[in-house]
Every structure is written in structure tokens, then in C-alpha cells.
Amino acid sequence: MSDKPTPPWANEIPEGSFISCAPTYKVGEYFDRFHKTSYDGLTYYFFDPTEHGYEKGKKYPLLVFMHGYTNAMEGDVCINYTGAEFYSKDDYQKTLGGAYVLVPLANEYRGDDGKVHGSWNDSHIAQIHDLICDFMKNQAEPNGGISKKVIFGNSRGGTMSIKIPVRYPDFFDIAIPVGADAIVDDNNLEVFEKNNIGLFLAMGKRDEINSYEERIKPALPRLEKLKKSFIFTPDWVYNGDHGIASINFGFEMGQHCDDGTPMEPRLPKGITGWLAEAFKD
């Protein structure tokens with residue numbers, strides 16, 4: 001910890017716990033399972049389950065992952081940063097019964113002013129929707145098509161994972177935002193309620209993007225009534241070494257233990273198990 005800033009909550013952690021400053025999973029192990037192409041000026045990666053043992057002629061769910069601020073500048077690593085990489089793994093695919101995975105990239109770049117430009121904003125909403133529709137028509141339909149559609153997102157991508165279903169309320173079946181509180185806005189909640197959009201909200205109570213006490217807690221009664229809702233707001237976020245996660249830069253917004261250990265008793269089979277049950281409806 002000597003070369004890392006001390007998080008402001010360091011003196012609050014449970015006795016016997018320790019702070020972990022980096023994830024423990026291997027990055028890039030499954031990148032070769034993804035194709036890279038583009039649509040309407042946006043690069044995107046995709047995984048096709050029918051190329052990995054799942055029969056053609058069947059419909060499979062589509063998992064769309066929206067990356068966070070600056071992540072597109074990392075190239076292929078963005079696949080991992082979104083959380084999409086592991087969804088191409090054999091065990092994840094087996095739990096889901098096969099699923100397409102799609103990762104669009106914003107045209108991010110660092111300008112002469114030193115700031116990052118081109119990140120996700122409202123102007124991308126229709127473009128992302130059209131990209132997904134094109135992928136479904138030209139990649140998935142020839143193989144059997146798409147059943148359920150799920151949109152994931154973290155940080156700025158988490159906000160997009162809410163705004164896109166709100167703009168196209170009959171398009172997505174489930175939204176899974178991480179580290180984004182836009183869902184608690186009254187208009188967004190109304191759209192989710194009216195259109196029976198499922199919600200898995202993952203956000204640590206010490207998330208710095210928003211205040212749990214001020215923004216999330218008051219909205220819990222409505223959030224918990226949403227169709228297929230699951231609200232995961234752990235007191236502490238853990239890495240694979242079972243230490244309490246601290247990135248010590250940017251925003252604290254993690255939500256899981258990355259070695260696969262269930263950190264939530266209500267999710268004995270993890271989020272993939274939860275999704276598999278949701279897909280049965």
C-alpha cells in the first residue's frame with residue numbers, strides 16, 4: 001500500500017480485512033473469441049455462440065456491453081473492461097445456454113487540451129440502437145436470430161444502459177447498469193415500470209459516482225418492484241484475493257469478487273445464473 005493513496009474509508013473496513021488495489025483476473029485470455037468490425041463509423045467487437053459449439057437455427061440472447069469513460073482508447077482491452085470478455089467463456093456460455101456478446105466502442109481520443117473527447121453521450125443513442133439492429137439482421141438472423149436482449153454498462157456506459165432502453169422502451173428486456181444512478185430519475189423509472197423492463201442494479205454503497213443514501217436508498221421501494229429486479233448494493237466490494245477493492249483513482253464503483261466467489265447469498269449462481277432464470281420467462 002506504500003505506493004498507493006489511502007482510500008478515505010480505510011479506517012472503516014471490518015476487523016481482519018485488508019485493502020486490495022488491483023483485480024486478480026487475467027486480461028485478454030479470451031480476446032481471440034471476438035470478431036472486430038464496424039458500423040456507421042463505430043468499431044465494435046462481437047462473440048458468436050454458433051462458432052463455439054452452439055447449433056445454428058436457434059435463437060439466443062444478445063448481451064450488449066457499454067464501456068465506461070476513456071475505455072475505448074484501450075483498444076482490445078476494452079472488451080475486458082466492460083465485463084464482456086468472461087461472457088465468452090465456456091462456463092458462462094453453458095450457464096446461459098449460449099449467447100451473443102456485443103461491445104460497441106465510442107470514438108474516444110485525447111485532444112490537444114489533454115481532455116478525452118468523443119465519449120458516449122445522448123447523440124449516440126440512436127446510433128447504438130441502429131448498430132444493434134444491423135448486427136441482429138446481418139449476423140444473428142442468418143444463424144437463427146435473437147431471443148432476449150440485455151444491455152450492460154459501467155460508469156458512463158452505465159448511464160447509456162439506462163438511456164437507450166428509455167428511448168427505445170420496447171427493445172431491451174433487461175438493463176444492468178453498474179455505477180450509474182440515472183435509473184432513479186422519475187421519468188426513467190416510469191418508463192421501466194410501464195414497459196416491464198427488467199433491472200439488475202449493482203452499486204457499492206461507497207460508490208463515488210452517486211450517493212447511496214441520497215439517491216438510491218429513497219428509490220429502493222420502486223426499484224424493487226420492477227419486473228425481474230435485483231438490487232445489489234453491497235457494503236464492501238471485493239477482488240479475487242478477497243481483499244476490499246480500492247482502485248485509488250477515478251471512481252470507486254466495483255461490485256463483485258472476481259474469482260467467481262459468490263459475494264451475495266441471494267445469488268448462489270451469480271449474475272449468469274440470475275440471467276439464465278430470467279431468460280426462461
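Quantities reported herein were computed from a predicted structural model and do not represent experimental measurements.
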* May I ask you to decide if the ring planes of Phe232 and Phe200 are parallel, tilted or perpendicular, using 30° and 60° as cut-offs? => perpendicular
* Mind checking whether Met66 and Pro104 have side chains closer than 4.5 Å, heavy atoms only? -> yes
* For Gly28, does its backbone N or O pair with a side-chain atom of Glu85 as donor and acceptor, under 3.5 Å? -> yes
* **Lys/Arg N to Asp/Glu carboxylate O, Asp185 vs Arg215, below 4.0 Å** => yes
* If you look only at pairs with a residue in residues 20-45, which of them pass as a salt bridge (Lys or Arg N to Asp or Glu O under 4.0 Å), with sequence neighbours excluded? -> Arg33-Asp90
* Roughly how far apart are Tyr60 OH and Ser147 OG, rounded to 0.5 Å? -> 9.5 Å
* Have Glu51 and His35 got a donor and an acceptor in their side chains that come within less than 3.5 Å? -> yes
* Asked: Taking side chain as C-beta onward, heavy atoms only, is Thr159 less than 4.5 Å from Pro177?
  -> no
* **Mutual orientation of the aromatic rings belonging to His124 and Trp120 [parallel < 30°, tilted 30-60°, perpendicular > 60°]** => perpendicular
* **Side chain to side chain, Thr82 and Phe152, heavy atoms closer than 4.5 Å** => no
* If you look at every heavy atom in Lys56 and Thr50, which pair is closest and at what distance? -> CG-CB, 3.7 Å
* **Separation between OH of Tyr100 and CD of Gln93, rounded to the nearest 0.5 Å** => 10.5 Å
* Side chain of Tyr54, backbone of Ala99: donor and acceptor closer than 3.5 Å? -> no
* Please report the shortest heavy-atom distance between Tyr109 and Gly118, naming the atom on each side. => CE2-N, 4.5 Å
* Structure fact -> Contacts satisfying side chain to side chain donor-acceptor pair (under 3.5 Å) that involve residues 188-204 (not counting sequence neighbours) are Glu193-Arg222
* Start with the C-alpha gap between His67 and Tyr81, add the side-chain angles, then the distance that decides, and say whether ring pair (Phe, Tyr, Trp, His ring centres under 6.0 Å) holds. => CA-CA 7 Å; His67 65 76; Tyr81 284 178; 9.9 Å; no
* Are Ile151 and Ile197 linked, directly or through other ILVMFWY residues, by side chains that come within less than 4.5 angstrom of each other? -> no
* **Tyr45 side chain near Leu102 side chain, heavy-atom distance below 4.5 Å** => no
* To the nearest 0.5 Å, tell me how far Lys149 NZ sits from Asp173 CG. => 5.5 Å
* **Evaluation steps, side-chain contact (heavy atoms from CB on, under 4.5 Å), between Val116 and Tyr69** => CA-CA 9 Å; Val116 175; Tyr69 179 63; 3.5 Å; yes
* Any sub-3.5 Å donor-acceptor pair from Asn138's side-chain atoms to Phe135's backbone N or O? -> no
* Residue pair Leu96 / Pro49, side-chain heavy-atom distance below 4.5 Å -> no
* CZ of Phe171 to SG of Cys133: how many Å apart, nearest 0.5 Å? -> 4.0 Å
* Can you check whether Asn107 reaches Leu42 side chain to side chain, under 4.5 Å on heavy atoms? -> yes
* Asked: What class does the angle between the rings of Tyr30 and Phe86 fall in, given that below 30° is parallel, 30 to 60° is tilted and above 60° is perpendicular?
  -> perpendicular
* Asked: Can Glu213 and Lys217 be counted as an ion pair, charged N to O under 4.0 angstrom?
  -> yes
* Asked: With distance as the sole criterion, is a donor-acceptor pair present between the side chains of Ser119 and Glu108 under 3.5 Å?
  -> yes
* Please say whether the positively charged group of Lys205, taken as NZ for Lys or CZ for Arg, lies over the ring of Tyr212, i.e. under 6.0 angstrom from the six-membered ring centre and within 45 degrees of the axis. => yes
* pair Trp236-Trp9: side-chain heavy atoms closer than 4.5 Å -> yes
* **Distance, nearest 0.5 Å, that separates OH of Tyr39 from CD1 of Ile128** => 10.5 Å
* Between atom OG of Ser229 and atom CD1 of Ile183, what is the distance when rounded to the nearest 0.5 Å? -> 10.5 Å
* To do: Compare all side-chain heavy atoms of Phe172 with those of Val64 and state whether any distance is below 4.5 angstrom.
  => yes
